[in-house]
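Taking it in order: structure first as structure tokens, then the write-up.
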Amino acid sequence: MKALRLLEWKSDPVLTEVDEPTPGPGEAIIRIGGAGACHSDLHLMREFEGGLLPWGPPFTLGHENAGWVHSLGPEVTGLEVGQPVAVYGPWGCGTCARCQVGTETYCENPAGAPVPGGGGGLGLDGGMAELMLVPACTRHLVPLPEGLDPVAAAPLTDAGLTPYHAVRRSWPKLVPGSTAVVIGVGGLGHLGIQILEATTASQVIAVDTRPEALALATECGADMTVTAGEGAAEAIRAATGGRGADVVLDFVGSDSTLALGATVARTVGDLTIVGIAGGSLPVSFFSVPYEVSIQTTYWGTRPELVEVLELAAQGRLRARATTFPLEHALDAYHAMEDGKLEGRAVITPSS
Ligand code: NAD
Ligand code: ZN
Ligand code: ZN
């Protein structure tokens with residue numbers, strides 16, 4: 001079969017011929033209906049190099065995946081061939097305290113995981129191929145709720161799950177009368193806005209450099225949009241009666257967006273760094289408003305993926321997706337790089 005593979009760091013992935021996977025004990029093979037193209041893949045292709053991560057190329061890209069069970073290995077019960085499923089992407093050891101509660105992102109026994117700190121599409125073969133192997137499949141597959149197809153579900157497993165996790169941990173601060181700021185309205189940000197709208201009573205302010213992204217933010221329910229750059233902080237302060245934003249979600253993570261986040265955060269607020277553009281923020285007693293909590297978040301938990309899919313099944317969360325056949329997957333990444341995508345690009349290897 002054909003697969004879009006990252007063959008070495010700092011290079012474009014290549015469509016190559018690989019053997020079809022076969023399932024061992026506890027494993028499943030998924031026929032991929034949708035594989036989302038995440039900006040993290042661009043970071044992998046452009047910026048990462050050997051020694052930064054405990055894994056590396058070659059591997060097939062695609063870490064946000066959904067499809068149908070194609071075949072099951074020995075000892076798998078509770079799943080059926082043909083069943084539509086979403087893949088929970090971060091694969092841990094399954095037995096440590098974090099994995100026990102479904103937080104495989106922060107597995108404390110990485111040596112016991114299929115690959116330390118990674119998963120399918122991140123060190124192991126992912127979903128940008130017709131078939132994908134999923135280890136410990138009863139843990140790593142979530143059956144799709146009625147009415148949700150794999151193309152719609154795929155982006156939810158990362159571009160939906162990651163902002164959901166970030167928003168959910170700040171729920172206590174997102175009371176009526178509060179303000180949330182979303183910086184970067186791409187794949188993650190446009191779903192983040194919908195998640196804020198569906199699960200909180202916050203005023204939502206969206207920030208982006210691109211007018212098309214701000215238009216999408218409005219369609220997703222943002223109450224106000226602000227163009228990044230000069231005047232952005234003042235506009236956000238003014239919209240909060242001078243108090244600032246209770247929660248800032250930074251889906252870019254550059255020096256300038258982190259500085260904006262720190263400037264517009266309200267005392268006792270949250271500034272959550274999700275984007276991995278590599279920026280940094282000086283933190284000292286006087287550099288951020290009092291009692292602002294600054295944190296990074298990585299992906300989300302398995303129980304949260306179940307909740308995200310439920311939100312979508314209820315019609316409250318929907319990715320704006322442009323589909324690309326596997327042969328044109330590289331075009332999706334180039335369009336993302338050129339700022340030409342709306343929402344998410346989803347590769348459809350089985351269509
Ligand atoms: P994307 O390319 O789809 O969207 C990024 C958006 O940010 C675009 O709309 C772009 O116009 C906007 N933007 C760029 N510079 C900006 C600036 N200075 N101010 C305001 N907006 C700006 O990317 P994505 O797939 O949504 O991913 C976003 C980031 O999150 C990436 O860095 C990605 O690697 C990272 N990510 C992190 C996690 C995690 O678990 N922490 C998970 C997935 C993705
Ligand atoms: Zn991702
Ligand atoms: Zn673990």
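This structure is a prediction, so every number in the text was calculated from the model and none was measured.
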Does [X] share a hydrophobic cluster with [Y], counting links as ILVMFWY side-chain heavy atoms below 4.5 Å and allowing steps through other members?
X: Y298; Y: V252; answer: no
X: M128; Y: W55; answer: yes
X: I347; Y: L144; answer: yes
X: L174; Y: V308; answer: yes
X: V115; Y: F48; answer: yes

Please check if atom [atom1] in [X] has more than 12 non-hydrogen atoms from other residues, nucleotides or ligands closer than 6.0 Å.
X: D338; atom1: CG; answer: yes
X: R168; atom1: CZ; answer: yes
X: Q314; atom1: CD; answer: yes
X: E291; atom1: CD; answer: no

Flag the pair [X] / [Y] as yes when at least one side-chain heavy-atom distance between them is below 4.5 Å, and no otherwise.
X: L188; Y: L249; value: no
X: L61; Y: R5; value: no
X: R46; Y: K10; value: no
X: V185; Y: I193; value: yes
X: E27; Y: V76; value: no
X: S40; Y: I276; value: yes
X: T199; Y: V167; value: yes
X: I273; Y: Q295; value: no

From [atom1] ([X]) to [atom2] ([Y]), nearest 0.5 Å:
X: E304; Y: L309; atom1: CD; atom2: CG; answer: 12.0 Å
X: I32; Y: N65; atom1: CD1; atom2: CG; answer: 4.5 Å
X: C137; Y: W91; atom1: SG; atom2: CH2; answer: 10.5 Å
X: D250; Y: I183; atom1: CG; atom2: CD1; answer: 4.5 Å
X: F59; Y: D125; atom1: CZ; atom2: CG; answer: 9.0 Å
X: T297; Y: Y164; atom1: OG1; atom2: OH; answer: 14.0 Å

For [X] against [Y], the heavy-atom pair lying closest together:
X: D255; Y: S280; result: OD1-N, 2.8 Å
X: H70; Y: R31; result: CB-N, 3.9 Å
X: G92; Y: P114; result: O-CD, 3.5 Å
X: L214; Y: A206; result: CD2-O, 3.8 Å
X: Q194; Y: C220; result: NE2-SG, 3.4 Å
X: H140; Y: E104; result: NE2-OE1, 2.9 Å

Has [X] got a side-chain atom pairing as donor or acceptor with [Y]'s backbone, closer than 3.5 angstrom?
X: Y333; Y: H39; value: no
X: S287; Y: P282; value: yes
X: T240; Y: R237; value: yes
X: T348; Y: S351; value: no
X: H165; Y: T162; value: no
X: D208; Y: R210; value: yes
X: D158; Y: P155; value: no
X: E75; Y: G26; value: no
X: Q203; Y: T179; value: no
X: H328; Y: F324; value: no

Between [X] and [Y] (salt bridge meaning N to carboxylate O under 4.0 Å), is one present in this structure?
X: R320; Y: E219; value: yes
X: K2; Y: E327; value: no
X: K340; Y: E212; value: no
X: D246; Y: K173; value: no

* For R344 and E64, what are the C-alpha separation, side-chain angles and deciding distance, and is it a side-chain contact (heavy atoms from CB on, under 4.5 Å)? -> CA-CA 11 Å; R344 205 47 143 190; E64 43 178 64; 2.9 Å; yes

* **Residue pair T157, V142: steps toward the side-chain contact (heavy atoms from CB on, under 4.5 Å) verdict** => CA-CA 10 Å; T157 64; V142 179; over 6 Å; no

* Using the six-membered ring wherever Trp is involved, compare the ring planes of F285 and Y290 and label them parallel, tilted or perpendicular (cut-offs 30° and 60°). =>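 The arrangement is perpendicular - the two ring planes meet at more than 60°.
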
* To do: Kindly determine whether S256 and S254 satisfy side chain to side chain donor-acceptor pair (under 3.5 Å), including the steps that lead there.
  => CA-CA 5 Å; S256 68; S254 65; 3.3 Å; yes

* Asked: Do S202 and S178 pass the side chain to side chain donor-acceptor pair (under 3.5 Å) test, and can you show the C-alpha distance, the side-chain angles, and the key distance before you say yes or no?
  -> CA-CA 5 Å; S202 251; S178 66; 2.5 Å; yes

* To do: Could you walk me through whether V207 and V181 pass the side-chain contact (heavy atoms from CB on, under 4.5 Å) test, one step at a time?
  => CA-CA 7 Å; V207 182; V181 170; 4.0 Å; yes

* When you look at L79 and L141, which way does the side-chain contact (heavy atoms from CB on, under 4.5 Å) test go after all the steps? -> CA-CA 9 Å; L79 289 163; L141 295 176; 3.8 Å; yes

* To do: State yes or no: are the ring centers of H63 and W299 separated by less than 6.0 Å?
  =>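 Distance test on ring centres: under 6.0 Å, yes.
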
